[in-house]
Amino acid sequence: MKKIILIILLISSVSVASAVHVVSFPSSNSELLELLDSELSQRHIYTDLRSHKIDSVKDLFAADSTRTVELYCELGRLHEGLNCDSAIVYYTAGFEMARKACDVVSAQRFLIHRASVLRKLGATADAVRDLEYVRSKGLKDENCVLFYEVERDFFMTLAETFWGTEMSKNYRRNGLIYAKRHLALLPPDSTASQLCQSLIYFGEGKPAMFLASLRELADSINVSDAEYPMAMTCLGGHCLELGYYDDAVRYLSMAALSEIYRGERQGTGLIRLGSALYKKKDYERAYNYLTIALEDALKSSSKLNCMMISEALMPVSLDIRSYNNRKLMLLTGFVVSLIVAVLLFGHLYMSKRRRVHEIELVKRQLAAANLSKDTYISEFINLCSTYMENLEDFNRMCRRKITAGQTDDLLKFIKDGKVLDGQRKKFEDMFDDSFLSIYPSFIKDLNKLLAPDKQVSTVAPNVLSNELRVLAFTRLGVNDTVQIARFLGVSLNTIYTYRNKLRNKAIARDSFDSDVMKIGAIE
């Protein structure tokens, strides 16, 4: 029976002013579970509706600045069912605003609500601090009902935590005090007062009266009542403790459905239902419901729900191991995957981002290389065309000179070498321009291979020296020294001198040639 207290306390502080349609639940448990399966598959619809209500409340901030404090409180209550961290943010903001406005009543109310949420997060010390602050400043009459309810739940939660010890008895005694104070302020014959009286019976150690009062309440309460999820969860949980598993499945199914219709992620009906189905050996549904509850608990940041789920999952996993090894593997895989996903999500996300960036970089390099290739081919065709045109001009001139008997002038023109020098200059200009468009960072990358005090530079923009052209030919795969010398119009010794001079400047002389070949390579 001790588990029933935790169920009560985890739900009791959740109260959302949202309409729930009156529904008629099926009479049989099988039909009820089928309905629950269907609603669970589309539970996001109801949480989306709650989110839309939150957005609507936010829109009211600009429309009505006089209700800011009230709207902060409403946003906090709406967020309690979706995410504890967000609820604390709004309650804290509301407290600060009310405090600055000297609105003591509202400031106390925000702290009381925040303490209730902090309890769900397991931040007991922070919750105690808020409640003590309210008590030290003098509890306002308008906040007594809420304060006594939160204090009742707080002490009963501690009693459950330290169950079986003397401390548990003391906490339980304090919880009963606040439960009775709470009951005294509630309207007679209301569902809230009936539920509070049931809790008092349980706290006083009267399980029979506790069960009878809950059954009586279940016959009269409507699914649209705010206390409905809590009442059904208490009743179902108590039936589970007594071994009335069919009744437990029914009441807890109705509690879970009412939580879904309210867009709640912090209810415990589904968790307890998973335990009840486990007792009835419906392992597949028990596992499914508990994993869904775990997903909601993680989204809502409810650490107490996570603790309950962990405790409920343990016997299920043990029985699945003996009953069906395959299902055990699925369960273990899910839990491990979930833990790994939580711990490594950021790392995996950043790795993916880096990989995408690398792919985009390679794409840009390939595009640039393709463009450079087209440019280089075009320049090569232009060079060939120019050579052909110049050769035709030279042939015409030779034919004219020979025909005119001006062989001496022709010989003098050829010996002068201006034609060859001019063609070589055109070749060098076109080679430099084409090579640097294919490898625009060639000089920068080359300097990374050289000692800091032996850096090189171009004689002018897009113009290479003969020394650098030797390396450029090497990078293009032209290793024939005779051919390079002929292209550049220098001797073989000069080529060897250029190569040795650059190699002596390198940081790693032995690997210098292979390092040069890696410049501009797409990896």
- prompt: Between Lys137 and Val104, does a side chain to side chain contact (heavy atoms under 4.5 Å, CB included) hold up when you go through it step by step?
  reply: CA-CA 9 Å; Lys137 296 298 182 179; Val104 180; 5.8 Å; no
Open item on the list: Between Asp126 and Arg114, does the salt bridge (charged side-chain N to carboxylate O under 4.0 Å, His left out) criterion hold? Intermediate values first, please.
Closed with: CA-CA 9 Å; Asp126 293 331; Arg114 189 172 72 178; over 6 Å; no
request  = Begin from the C-alpha positions of Phe155 and Tyr178 and carry the test ring-ring contact (aromatic ring centres under 6.0 Å, His included) through to its verdict.
outcome  = CA-CA 9 Å; Phe155 281 110; Tyr178 285 107; 5.7 Å; yes
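- Residues Glu241 and Arg272 are paired through a salt bridge, judged by an N-O separation under 4.0 Å between the basic side chain and the carboxylate.
- Atom NZ of Lys58 has more than 12 neighbouring heavy atoms from other residues, nucleotides or ligands inside a 6.0 Å radius.
- Considering all non-hydrogen atoms of both residues, Pro26 and Leu32 come closest at CD-CD1, 3.7 Å.
- For the side chain to side chain contact (heavy atoms under 4.5 Å, CB included) with Phe95, the qualifying choice from Asp130, Val69, Leu111 is Leu111, the only one to do so.
- With a 6.0 Å radius and a threshold of 12 heavy atoms from other residues, nucleotides or ligands, Asp219 has its CG atom above the threshold.
- The existence of a salt bridge linking Lys518 and Asp445 is excluded, since no basic side-chain nitrogen approaches an acidic carboxylate oxygen closer than 4.0 Å.
- Nearest heavy atoms, Ala87 versus Gly76: CB-O, 3.6 Å.
- Contact check for Tyr289 versus Leu40: side-chain heavy atoms found under the 4.5 Å cut-off.
- The salt bridge (Lys or Arg N to Asp or Glu O under 4.0 Å) search around Glu34 returns none, not counting sequence neighbours.
- Scanning for side-chain contact (heavy atoms from CB on, under 4.5 Å) contacts around Met209 gives Tyr201, Lys206, with sequence neighbours left out.
- Considering only heavy atoms from C-beta on, Leu242 stays 4.5 Å or farther from Asp247 through its side chain.
- For the pair Cys239 and Leu235, the minimum side-chain heavy-atom distance is below 4.5 Å.
- Of the possible polar contacts, none joining the Asp296 side chain to the Gln266 backbone as a donor-acceptor pair under 3.5 Å is found.
- Residues passing the side-chain hydrogen bond (donor to acceptor under 3.5 Å, both in side chains) test with Tyr148: none are found, sequence neighbours excluded.
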Intermediate values then yes/no, side chain to side chain contact (heavy atoms under 4.5 Å, CB included), Asn222 and Thr191:
CA-CA 9 Å; Asn222 191 283; Thr191 54; over 6 Å; no
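- The heavy-atom pair separating Ala276 from Val249 by the smallest distance is CB-CG2, 4.1 Å.
- If you take CG on Asp153 and NZ on Lys120, they are separated by 9.5 Å, rounding to the nearest 0.5 Å.
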- Decide side chain to side chain contact (heavy atoms under 4.5 Å, CB included) for Lys280 and Arg285; before the verdict, give the C-alpha distance in whole Å, the side-chain angles of both, and the deciding distance to 0.1 Å. CA-CA 10 Å; Lys280 287 181 64 64; Arg285 266 205 175 99; over 6 Å; no
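- Summarising the geometry of Asn143 relative to Val105, their closest heavy-atom pair is ND2-O, 2.9 Å, with the distance given to 0.1 Å.
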Go through Lys100 and Glu96 one step at a time and tell me if the salt bridge (charged side-chain N to carboxylate O under 4.0 Å, His left out) criterion holds.
CA-CA 6 Å; Lys100 290 179 182 178; Glu96 295 295 337; 5.5 Å; no
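- Annotation: side chain of Arg215 is in contact with side chain of Tyr251 (closest heavy-atom distance under 4.5 Å).
- The shortest distance between side-chain heavy atoms of Ile292 and Arg43 falls below 4.5 Å.
- The number of heavy atoms from other shown groups lying within 6.0 Å of CD (Glu216) does not exceed 12.
- Ion pairing between Glu295 and Arg265 fails under the 4.0 Å rule for side-chain N and carboxylate O.
- Using cut-offs of 30° and 60° on the angle between ring planes, the pair Tyr261 and Tyr46 is perpendicular.
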Checking Arg173 against Asn170 for the side-chain hydrogen bond (donor to acceptor under 3.5 Å, both in side chains) test, could you report, in this order, the C-alpha distance in whole Å, the side-chain angles of both residues, the deciding distance, and whether it holds?
CA-CA 5 Å; Arg173 189 179 303 113; Asn170 293 333; 2.8 Å; yes
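- Annotation: side chain of Leu257 is not in contact with side chain of Val223 (no heavy-atom distance under 4.5 Å).
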- Query: Are Thr124 and Arg119 close enough, and set up right, to give a side chain to side chain contact (heavy atoms under 4.5 Å, CB included), and what steps lead you there?
  - Reply: CA-CA 6 Å; Thr124 304; Arg119 175 176 56 80; over 6 Å; no
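- Across all non-hydrogen atoms, the minimal contact from Pro187 to Ser190 is O-OG, 2.7 Å.
- With values rounded to the nearest 0.5 angstrom, Tyr91 atom OH is found 5.0 Å from His113 atom NE2.
- Atom-to-atom distance recorded for Leu199:CG and Arg152:CZ is 5.0 Å, nearest 0.5 angstrom.
- Residues passing the side-chain contact (heavy atoms from CB on, under 4.5 Å) test with Ser28, sequence neighbours excluded: Ser30, Glu31.
- With hydrogens and angles ignored, the 3.5 Å screen pairs a side-chain donor or acceptor of Asn447 with a backbone N or O of Ile443.
- Expressed to the nearest 0.5 Å, how far OG of Ser224 lies from OH of Tyr228 amounts to 10.0 Å.
- A distance-only check finds no donor-acceptor pair linking the side chain of Thr268 to the backbone of Ile271 [under 3.5 Å].
- Side-chain contact between Cys73 and Arg109: present, with at least one pair of heavy atoms (C-beta onward) separated by less than 4.5 Å.
- Side-chain atoms of Ser198 come within 3.5 Å of backbone atoms of Gln194 as a donor-acceptor pair (strictly under, hydrogens ignored).
- Every residue meeting the side-chain contact (heavy atoms from CB on, under 4.5 Å) condition with Ala127, not counting sequence neighbours, appears here in chain and number order: Ala115, Leu118, Phe154.
- The aromatic rings of His238 and Phe210 stand perpendicular to each other, their planes meeting at an angle above 60°, with 30° marking the opposite boundary.
- Atom-to-atom distance recorded for Leu290:CG and Ile309:CD1 is 7.0 Å, nearest 0.5 angstrom.
- Arg250 is linked by a side-chain hydrogen bond (donor to acceptor under 3.5 Å, both in side chains) to nothing, counting only residues two or more places apart in sequence or in another chain.
- Using a 4.0 Å cut-off between charged nitrogen and carboxylate oxygen, Glu259 and Arg262 do not count as a salt-bridge pair.
- Distance check, rounded to the nearest 0.5 Å: CG of Asp37 to OG of Ser253 gives 9.0 Å.
- Checking Ser301 against Asp85 by side-chain atom types alone, a donor-acceptor pair falls below 3.5 Å.
- A side-chain donor-acceptor contact under 3.5 Å links Gln108 to the backbone of Lys140.
- At distances below 3.5 Å, not a single donor-acceptor pair connects side-chain atoms of Asn305 with backbone N or O atoms of Ala293.
- Considering all non-hydrogen atoms of both residues, Leu214 and Ala231 come closest at CD2-O, 4.4 Å.
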